[in-house]
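Quick notes on the structure that follows.
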Amino acid sequence: MNILIINGPNLNLLGKREPEIYGSETFNDFFSKLKIKFTNVELAYFQSNIEGELIDKLHEVGFTYDGIILNAAAYTHTSVGIGDAVKSINTPVIELHISNIHAREDFRHKSFIAPAAKGVIFGFGLKGYELAIQSFL
Ligand code: DQA
């Protein structure tokens, strides 16, 4: 099974960025542990701060991969283009957020991705990525 994790803007700063919300672990460290935990899955990871690059990646893998875990970060709440890309591909997408977006500012309650997602996981910290992989398995 092939699963791609896509992280959007500012998530390259995990570990340094607002650790009280997002924790103090870097995504690279976490991803190394994930790969050891799920040796039965071909796990890949892509991060970009650029909306169009996230859309290009969804198009690239969205007809061949078995699952995509998408944390589009701030673009979740603004991007019709990413929402449309998720609707346009065949691979099921799980929308993921590290924090509980519904316990935060109102603008984070809106998602352009959720209507097209297989499911949404939020509020469980980095553990959410594990839950998403388990749901694909
Ligand atoms: C986030 C939540 C978003 O509202 C925010 O813009 C992010 C990260 C999360 O993982 O909790 O950058 O997607």
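When a ligand or atom number is given, it counts from 1 through the structure's own listing order. Values below: every heavy atom of this structure, side chains too, minus hydrogens, waters and symmetry copies.
Between the side chain of S79 and the backbone N or O of T76 there is no donor-acceptor pair closer than 3.5 Å. Side chain of S32 to backbone of N28: a donor-acceptor contact under 3.5 angstrom is found. Side chain of H102 to backbone of G123: no donor-acceptor contact under 3.5 angstrom is found. Although no hydrogens or angles enter the test, the distance criterion places a donor-acceptor pair under 3.5 Å between the side chain of N49 and the main chain of N10. One N or O on the side chain of T91 and one on the backbone of Y65 form a donor-acceptor pair closer than 3.5 Å.
Counting only heavy atoms of the protein, atom 7 (C) of ligand 1 lies nearest to Y22 OH, 3.5 Å. Given atom 9 (C) of ligand 1, the protein heavy atom at minimum distance is I98 N, 3.3 Å. Nearest non-hydrogen protein atom to atom 1 (C) of ligand 1 is H97 ND1, 3.7 Å. Of the protein's non-hydrogen atoms, S99 OG, 2.6 Å is the one closest to atom 11 (O) of ligand 1. Nearest non-hydrogen protein atom to atom 6 (O) of ligand 1 is R108 NH1, 3.0 Å.
Residue contacts with ligand 1: L96 is placed with no nitrogen or oxygen under 3.5 Å of a nitrogen or oxygen of the ligand (distance criterion only). Taking distance alone, with nitrogen or oxygen atoms compared against 3.5 Å, R104 stays at or beyond that limit from ligand 1. No N or O atom of I101 sits closer than 3.5 Å to an N or O atom of ligand 1. For a threshold of 3.5 Å applied to N or O pairs, the pair formed by T76 and ligand 1 contains no separation below that value.
Relative orientation of the F31 and Y45 rings is tilted, given thresholds of 30° and 60° on the angle between their planes.
Distances from ligand 1 to the non-hydrogen atoms of F122 include no value under 4.0 Å. Residue contact check for ligand 1: H109 places no non-hydrogen atom closer than 4.0 Å to it.
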**Request:** Apply side chain to side chain contact (heavy atoms under 4.5 Å, CB included) to N12 and N7, showing your working.
**Result:** CA-CA 8 Å; N12 54 310; N7 277 346; over 6 Å; no
**Item:** Stepwise side-chain hydrogen bond (donor to acceptor under 3.5 Å, both in side chains) test for E95 and S111
**Value:** CA-CA 9 Å; E95 174 183 338; S111 169; 2.8 Å; yes
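Within the 4.0 Å heavy-atom criterion, the part of N71 lying near ligand 1 is the side chain and not the backbone.
Closest to atom 4 (O) of ligand 1 by heavy atom, among R17, H77, E105, is H77.
Here the two rings, on Y22 and F27, have centers that are 6.0 Å apart or farther.
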